[in-house]
Amino acid sequence: MTKEFLKVFGIVVRDQVIMKNSVHVSGIGTFKAVHHNQKHEKRADGKTVMLPPKDSIEFTAEGKG
Amino acid sequence: MHIDHEKFLELLVDASGIEKEKVEKQLNELQEEIKQAIADGEAYEIEGFGILSGLGNNTLFIPSKELEIEINFKYVGMEPIEIEGEVIEPKEEYVDPFEELQSVDDSKEGNRFTDLIEESEEEEKSKDDPLIFGVSLDNAETEEEAPGPDKWGIDAHKEDTGVDKLFSSLMGDQDEPATEEKTESEPESSEPEESEFKLEIPEEESGSSLDDELAQLMSDDSPGSEAAENDESIESVFESDFEDPFQEDDNEVAPEEDEEKEIESETDEEPETTSETEPESEAEPEPEPEPEPEPEGEPEPEPEPEVEEESGVEELATSTAEEDEDFDDPFASIDEDDEEEDLDLSGLEEKEVIPVITNISSDLEKKEPEAVKEKKPKKAKSSGSQSASVWLWMILILFVLVGATVGLAYFSVINIPGITPQVATSQPIQQPVQAIPPVETPQAEEETPSPEQTSEEQTPPPVTTQQEQESVAEVPIQTNAAVPVDQSIYGLMGVTSAAANDGYTIVIYSLSVEENALAKQRELSANGYRALVTPINSSQYGTLWRVSLGQFETLVDAAIAGENLEGAFKDNYFIKKITN
């Protein structure tokens, strides 16, 4: 297994997740993008902050489905 | 869309250029290494991608910072905003449309974007279905099932008012015959429907006067006769509930008639009265007592007030008839129905009834004209409210037009000073710009650029990554590919032109590594797109590299092109000005 392969592996998974596709890698699991809506958060100092929306990557191990 | 293992292998083969067997072998090695590491309680890191580690029986994936940023390319630069005061959290849960699409796609294999189109079409159809011809079927059903009191007041109250009217008119004795007399006495003045409708107005007065009359009658009658009447009426009550109220008229007139009939029997006038009463029920018996009691000298207060009432009714009827001659009476049908019911039940009115019930009915009778009176002004106002509603609609349309104009001006479709944002019409900033030698570009082209290129880009100095990070202006990195002479300045396909950097572009990637961005640019250029790579500075993430497609003169052009993009980028892009 080469470094080049690992790099390509990362790029392919990333591109598909950016396109909102879920990627299943046999023996490892499934990578999937999850959207989080913007939300208000009250901090300890009493200030209310609106957090921007964001996407995160979610991993589900194989067999944990 | 779900990428399964086979498809993932194909993508790896395409991206790496390695044979499938080797890719599969390396992937299996990676899989074994990860499993081994997790089994040993260690974490396995893939550089630039993330860390896989075991926690109990679960396997966790911690994405690398680069991957997190690149996934969030749409929201790069959006910082948390401090809000003053209490803010109510919106209750509605946001539903990610992509999740739904993804879940749908998970079950299906095939082109994701054709599925999306089909789904959106289905959704549109399902939305349109209930609104056939602009009328909601649901509303129509509800309207049919439960007509509102305002809109369908006539129908809704038809039965109730009919019943009330029936009872009140029958129990209110004097009034109904009076109306019938009117219709008989004035057949030429107006239609029976209208006259009857109008004659309902003075019922309140006549009702009250009738109560007085009834009280007088009750006081005048001897207790013995009253008791006899009560006995008879009680019997009739037990016979049937509905018969009682109809006998009021006779009950009230009975004491008079008994006396009168005795007198009439002497004068042999009875045959005439019977012949008159037979065809038209009890409407006739009333006028007879009027002329007769006077010669006999019997004190009867009734006839005079009746004449006054009738004259008053006539006046009101004629006045209302004049007012409503042109008006289509919506209650005509109701009145017709009532009249029919009255006529049907007229035969029953000859029976006697308890006077006490008459009082109750007179109360009911009083309420009814009020309802009629309340309805009348609404009709009069309807024309005024219509004109007001027309004005409201005109104002609303005016607002919409103004809003649309401002919107068009804001998006630079039309130019209105003060509203249209100032577009940098001057020459775009031409700092750019490091020449990234494309793989295919021969060295000779760089040495002898086309005349256009020489005029537009005068020996762009190579800019290092460090300099790009420091640069404030977001300027795309220009390729050295020669712009064809016949190529239009703006467009989606072709070669990027520095002259078109004052326009808009469709951003499809924001990558944290320049090399990856440039690789994407080369790939897109090879597919014929005008691919731009623009460095942007983010205080949160450092320098990011935006890969975008096309150069468009206006935002609208870019939006149209975005809609027509190929499946891979559709619905996953944003439009931005090329240079800020």
Side-chain angles (χ1 to χ4, degrees), chain A, chain B residues 1-5 8 11-12 15-16 18 23 26-35 46-50 52 57-61 63-64 67-68 70-75 78-87 89 93-94 96 98-99 101-102 105-106 112 509 516 568-569 571-572:
Chain A
M1 189 176 55
T2 61
K3 266 195 170 184
E4 186 63 29
F5 173 79
L6 283 177
K7 192 178 175 184
V8 169
F9 176 87
I11 288 169
V12 168
V13 174
R14 179 205 65 196
D15 285 357
Q16 295 306 315
V17 170
I18 284 173
M19 290 177 193
K20 308 289 179 187
N21 295 337
S22 62
V23 181
H24 175 71
V25 184
S26 182
I28 300 174
T30 305
F31 298 90
K32 180 182 170 184
V34 178
H35 178 79
H36 301 277
N37 197 17
Q38 66 178 23
K39 61 179 180 181
H40 299 286
E41 190 180 81
K42 197 158 189 175
R43 289 184 174 167
D45 58 358
K47 290 179 180 176
T48 307
V49 176
M50 189 167 85
L51 300 172
K54 71 169 194 174
D55 289 339
S56 64
I57 191 164
E58 188 184 84
F59 173 73
T60 309
E62 197 172 61
K64 302 290 177 187
Chain B
M1 186 173 145
H2 181 69
I3 308 293
D4 62 357
H5 187 70
F8 183 62
L11 290 168
L12 284 174
S16 62
I18 310 169
V23 168
Q26 292 198 42
L27 190 62
N28 288 333
E29 283 179 23
L30 175 67
Q31 181 188 326
E32 289 301 319
E33 282 186 17
I34 290 168
K35 279 184 176 175
I46 301 170
E47 200 177 342
F49 182 68
L52 286 155
N57 293 327
N58 293 329
T59 306
L60 296 179
F61 173 68
S64 69
L67 183 62
E68 259 190 342
E70 288 167 3
I71 288 167
N72 272 297
F73 77 97
K74 280 184 181 177
Y75 313 114
M78 293 176 76
E79 307 285 344
I81 302 165
E82 190 179 317
I83 300 167
E84 290 181 2
E86 285 291 323
V87 178
E89 193 80 25
E93 278 285 322
Y94 174 79
D96 188 7
F98 295 108
E99 273 189 6
L101 297 172
Q102 217 162 359
D105 289 331
D106 286 347
R112 168 180 175 242
Y509 292 107
N516 293 338
F569 309 116
D571 298 330
N572 200 21

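Small disclaimer: the values here were computed from a predicted structure and weren't measured. Note that these values count all heavy atoms, side chains included, but never hydrogens, waters or copies made by symmetry. Chain identifiers are assigned alphabetically (A, B, ...) following the order of the sequence lines, protein sequences preceding nucleic acid strands; residue numbering begins at 1 within each chain.
Most heavy-atom pairs under 4.5 Å with chain B, from the set A:G29, A:P52, A:G10: that is A:P52. Interface summary for chain A: among B:E47, B:E68, B:K35, the most heavy-atom pairs under 4.5 angstrom belong to B:K35.
Residue pairs meeting the salt bridge (charged side-chain N to carboxylate O under 4.0 Å, His left out) criterion with at least one partner in residues 5-17 of chain A, sequence neighbours excluded, are A:K7-B:E515, A:R14-B:E70, A:D15-B:K520.
Looking at B:I46, the atoms closer than 4.5 Å to chain A (heavy atoms on both sides) all sit in the side chain, from C-beta outward. For B:I71, the parts lying near chain A are the backbone and the side chain together; criterion is any non-hydrogen pair under 4.5 Å. Of the atoms belonging to A:Q16, it is side-chain heavy atoms, and not backbone ones, that fall under 4.5 Å from chain B. Looking at A:V17, the atoms closer than 4.5 Å to chain B (heavy atoms on both sides) all sit in the side chain, from C-beta outward. Residue B:L67 touches chain A through its side chain alone, counting heavy-atom pairs closer than 4.5 Å.
Using the six-membered ring where Trp is involved, A:F31 and B:F61 have ring planes that are perpendicular, over 60° apart on the 30 and 60° scheme.
Within the 4.5 Å cutoff, side-chain heavy atoms of A:S56 are placed close to those of A:H36.
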Verdict with reasoning, A:V23 to A:V12, per side-chain contact (heavy atoms from CB on, under 4.5 Å): CA-CA 9 Å; A:V23 181; A:V12 168; 6.0 Å; no
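Partners of A:F9 according to the ring-ring contact (aromatic ring centres under 6.0 Å, His included) rule, which considers only residues two or more places apart in sequence or in another chain, are B:F8, B:F49.
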